Amino acid sequence: MSPEPATVVSAWLDAFASALVTGDLTSVFNTEDCWLRDLLVLSRDFTTVQGITNISAYLHEADRRLHNFRLDTRTNNGGVTLAANPPGLTALFRFDIAGDLAATARGCVRLVQQTDGEWRAWTVLLVLQDIVGHEENVGRAPVHVPRDGQTWDEVWEENSASIADDLAVLVVGAGHCGLMMAARLRQMGVKALVIDRAKVGDSWQNRYPSLKLHTPTFMNSFPYHSYPATWPTYLPRSKMSSFLRSYRDALDLFVWESTELLSDPRPTYDDATKRWTVHVNREGDVRILHPRHIVIAIGLNMLPRQYDVPGMADFQGVIYHSSEHHGGAAYAGKRVVVVGACNSGTDIAMDMMHKGASEVTIVQRSPTLYVSMPAVEAMAFSHLWPEHGGAAIDELDLINNSIPYALLMRILNANRGPHELDVKTVEALNNAGFKTSDGVLYELLLTRRAGYVMDQGGVAKSIIEGKIKVKHGVEVEKFEKDAVVFTDGSTLQADVVVAAYVYAGYTAYGMLMRCRIGYDSMRAAASKLFGPLVDDLTEVWDLDAQGELQGIYRPSGHPALWYAAGDYANGRFLGRLLALQLLLAERDASLTRA
Ligand SMILES: Cc1cc2nc3c(=O)[nH]c(=O)nc-3n(C[C@H](O)[C@H](O)[C@H](O)COP(=O)(O)OP(=O)(O)OC[C@H]3O[C@@H](n4cnc5c(N)ncnc54)[C@H](O)[C@@H]3O)c2cc1C
């Protein structure tokens, strides 16, 4: 009779602990193909290591510092689930870290049974959980004991008035990334202030009215505070916007709205005092702040690229960037050209069509990956985020992060081509002139942030039925007073042109590629604020040579300067890890001062 899965995993954890001491890991890892992802356990960075030789070298120093490995029986299914591909076991575990830094940690291992009958690890994830004595407070706040008879509100007012004094962390930007950062820091006891030049929620509310998120609500969970259970599976922009405001209030976050980080004078960092000097404009009042750390959370899409094509000045219609699309109603009866065939371009084309544009044409320079939402759900969301599987979101985050990006890309690239649900649609789209690529959705999300359409609103149907026309394989060469002229010499009469792309260079695993995206990089946006100080730092976003996301939620290359960006899962999972790095830095600084 084969042993229980929990027994198999517990035996492997014992063997792993022993192997860390002996240094011989060959009996616990699948030597043919094995991966280790370490998030802050053995270094203060994110590290992916592939292959038994590299893993052995990396874990060499770990020996007895990592101990007390045990199956996390409090989690879903007692910590172990059966994995289908490859067949095996996925298990969550906990362990402790001894030494200078006493801490707790969590992990996830994928075990595969070998031909010799032994279970060995294919992937191992190690993640720092809590610093002993500074644990994240996830339970109820202690009973409020009034000082001098002060009420809760009076204490809040007092704390609010002194928030800028001895400030540990200034978070710039109150989108989901900035607010999640502030919430994590608060629950870890680190003083943080968020500033935003607009109002909380504006970053969503100011996008086009027809916008619905393309990621499902459960995947977009925030720490400590849930969405109403009755909310839709894909949130419209206004619900996202209102949730951000309620999150700020519910979590008692200190946020200065209508407060802009100024670039003149530029923020400066003093190596001696280990503090920044930054000027912020708070509703016309310039204030100087001296935080120990700055987290830049201004969004990946903060710097729309200028659309620049000959003849634009002569065009008598309207030309604008997709970030300035505030609804198609103003263009009823107009001939609309949308330049760009990805998510924003197709969303905007649909909006124009629904709002009565007389003609809508999408310009598609090169093929786009097409995925319907049911296919996305079947491929990714339901598989990676089993909403009904009963697992808590923190467990799902661990499981999802246990496959290193580089391995994930290998798996996904082995299965290119349309999902079976999309085969007929893809054929019909190509026949209608909208050319599809066989790209990999997740890879495009992690590298180019472009090149795909996740069809939420029937854009494929509209193209196939000819309600939205497609001009494929061309670029706009120039404008005439009432028309767009393409590189193949053809012309299209137009009243309105929406630029939903511009060229950009990007790198993937160190190779320079070309893609089209309507925004400059986040580092370029930060450079406008911080100047040359950030220009030589790591690029933000995209994958580095190891397959870890560059620049965000990990050391930026400049002391006390950090980036928080990306989707909700990043904000929730990696944001927690950035909060831990900030907590560690605060702890180091207080030890130095003592
Ligand atoms: C059209 C569109 C659709 C998207 N759909 C999805 C989706 O379905 N799912 C998903 O996961 N992601 C989606 N994203 C990507 C991403 O999740 C969003 O862009 C999200 O808003 C990013 O959150 P953020 O906190 O990083 O930045 P933002 O929400 O952009 O917030 C940044 C904040 O920084 C402030 N700011 C900027 N400069 C300064 C300054 N100098 N001083 C003070 N404040 C400043 C801004 O006012 C803003 O409020 C989408 C993006 C776009 C553009």
Side-chain angles (χ1 to χ4, degrees), residues 170-182 193-222 233-237 239-241 243-245 247-248 255-264 266-267 278-283 289 294-304 321-326 340 342-348 351 373 376 380-381 385 445-446 449-450 452 454 456 500 517-519 522 525-530 540-541 552-553 563-572 574-575:
L170 177 70
V171 181
V172 184
H176 73 258
C177 293
L179 293 180
M180 286 189 197
M181 263 326 298
L193 167 67
V194 186
I195 60 167
D196 199 298
R197 63 185 180 191
K199 301 272 185 219
V200 174
D202 280 2
S203 56
W204 281 102
Q205 196 58 33
N206 291 339
R207 289 177 183 155
Y208 46 94
S210 61
L211 177 61
K212 277 193 292 185
L213 272 86
H214 286 83
T215 45
T217 305
F218 65 88
M219 187 172 155
N220 298 339
S221 303
F222 280 60
T233 304
Y234 295 99
L235 293 182
R237 63 163 195 178
K239 285 249 174 284
M240 193 67 247
S241 171
F243 186 80
L244 289 177
R245 288 191 293 278
Y247 189 74
R248 171 206 49 198
V255 182
W256 288 0
E257 294 182 313
S258 307
T259 303
E260 180 160 22
L261 178 72
L262 296 176
S263 56
D264 185 16
R266 295 227 186 269
V278 297
H279 291 69
V280 304
N281 183 339
R282 190 180 187 196
E283 296 177 340
L289 303 176
I294 296 180
V295 176
I296 306 174
I298 58 176
L300 285 167
N301 302 317
M302 203 31 76
L303 214 55
H321 187 271
S322 57
S323 62
E324 293 161 322
H325 179 68
H326 299 302
C342 302
N343 260 358
S344 292
T346 51
D347 268 3
I348 291 169
D351 184 34
M373 284 316 282
V376 178
F381 298 157
W385 302 91
L445 282 162
L446 287 171
R449 293 190 288 125
Y452 53 86
M454 295 158 82
Q456 227 171 18
I517 177 169
Y519 298 88
M522 191 172 181
S527 174
K528 295 240 181 247
L529 295 169
F530 287 78
V540 184
W541 202 252
I552 59 164
Y553 297 109
Y563 291 93
D567 64 19
Y568 292 81
N570 289 148
R572 185 176 60 239
L574 298 180

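Each ligand, and each atom within it, is numbered from 1 in the order the structure gives. What you see is a predicted model, and the numbers here were worked out from it, not measured in a lab.
The contact set between ligand 1 and L529, taken as ligand atoms under 4.0 Å from a residue heavy atom, comprises 41 (N). Residue G173 has at least one heavy-atom neighbour below 4.0 Å for each of these atoms of ligand 1: 33 (C), 34 (O), 35 (C). For ligand 1, the atoms lying closer than 4.0 Å to a non-hydrogen atom of C177 are 24 (P), 25 (O), 26 (O). Distances below 4.0 Å separate heavy atoms of E260 from the following atoms of ligand 1: 41 (N), 42 (N), 43 (C). Close approach to D567 involves these atoms of ligand 1, each under 4.0 Å from a residue heavy atom: 11 (O).
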* Asked: Would W256 and L289 count as a side-chain contact (heavy atoms from CB on, under 4.5 Å) if you check the C-alpha gap in whole Å, the side-chain angles of each, and the deciding distance to 0.1 Å?
  -> CA-CA 13 Å; W256 288 0; L289 303 176; 4.2 Å; yes
* Decide side-chain contact (heavy atoms from CB on, under 4.5 Å) for V200 and Y247; before the verdict, give the C-alpha distance in whole Å, the side-chain angles of both, and the deciding distance to 0.1 Å. => CA-CA 10 Å; V200 174; Y247 189 74; over 6 Å; no
* Asked: Could you go step by step and tell me if I195 and R282 meet the side-chain contact (heavy atoms from CB on, under 4.5 Å) rule?
  -> CA-CA 9 Å; I195 60 167; R282 190 180 187 196; over 6 Å; no
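To the nearest 0.5 angstrom, N281 atom CG is 12.0 Å from D264 atom CG.
When R207, M240, H176, K199 are checked for heavy-atom proximity to atom 21 (O) of ligand 1, R207 turns out nearest. Closest heavy-atom approach to atom 46 (C) of ligand 1 within the set D196, L262, L300: this belongs to D196. Selection from L213, I298, L235 by nearest heavy atom to atom 38 (N) of ligand 1 gives I298. Taking all heavy atoms of V171, T215, N570, I296 into account, the minimum distance to atom 7 (C) of ligand 1 is reached by T215.
Residue-ligand proximity: W204 is placed with a non-hydrogen atom under 4.0 Å from ligand 1. In this structure, T259 counts as a contact residue of ligand 1, since one of its heavy atoms falls inside 4.0 Å of the ligand.
Residues M181 and Y553 come closest through the heavy atom pair SD-CE2, 4.3 Å. G201 and R245 get closest at one heavy-atom pair: CA-NH1, 4.2 Å. Between A565 and N570, the closest heavy-atom pair is O-CB, 3.8 Å. Here the shortest heavy-atom pairing between L529 and L261 reads CD2-O, 3.6 Å.
When the options D347, N343, I348 are evaluated for a side chain to side chain contact (heavy atoms under 4.5 Å, CB included) with S322, the one that passes is I348.
Considering backbone and side-chain atoms alike, L261 places an N or O below 3.5 Å from some N or O of ligand 1. Backbone and side-chain nitrogen or oxygen atoms of H214 are examined, and one is located within less than 3.5 angstrom of a nitrogen or oxygen of ligand 1.
Residue contacts with ligand 1, taken as heavy atom pairs separated by less than 4.0 Å, do not involve D202 at all. With a 4.0 Å heavy-atom cut-off, ligand 1 is reached by no atom of V280. Here A297 has backbone heavy atoms under 4.0 Å from ligand 1, and that is the only part of it that gets that close.
Using bins of under 30°, 30° to 60° and over 60° for the plane-to-plane angle, the ring pair H176/Y568 lands in the parallel bin.
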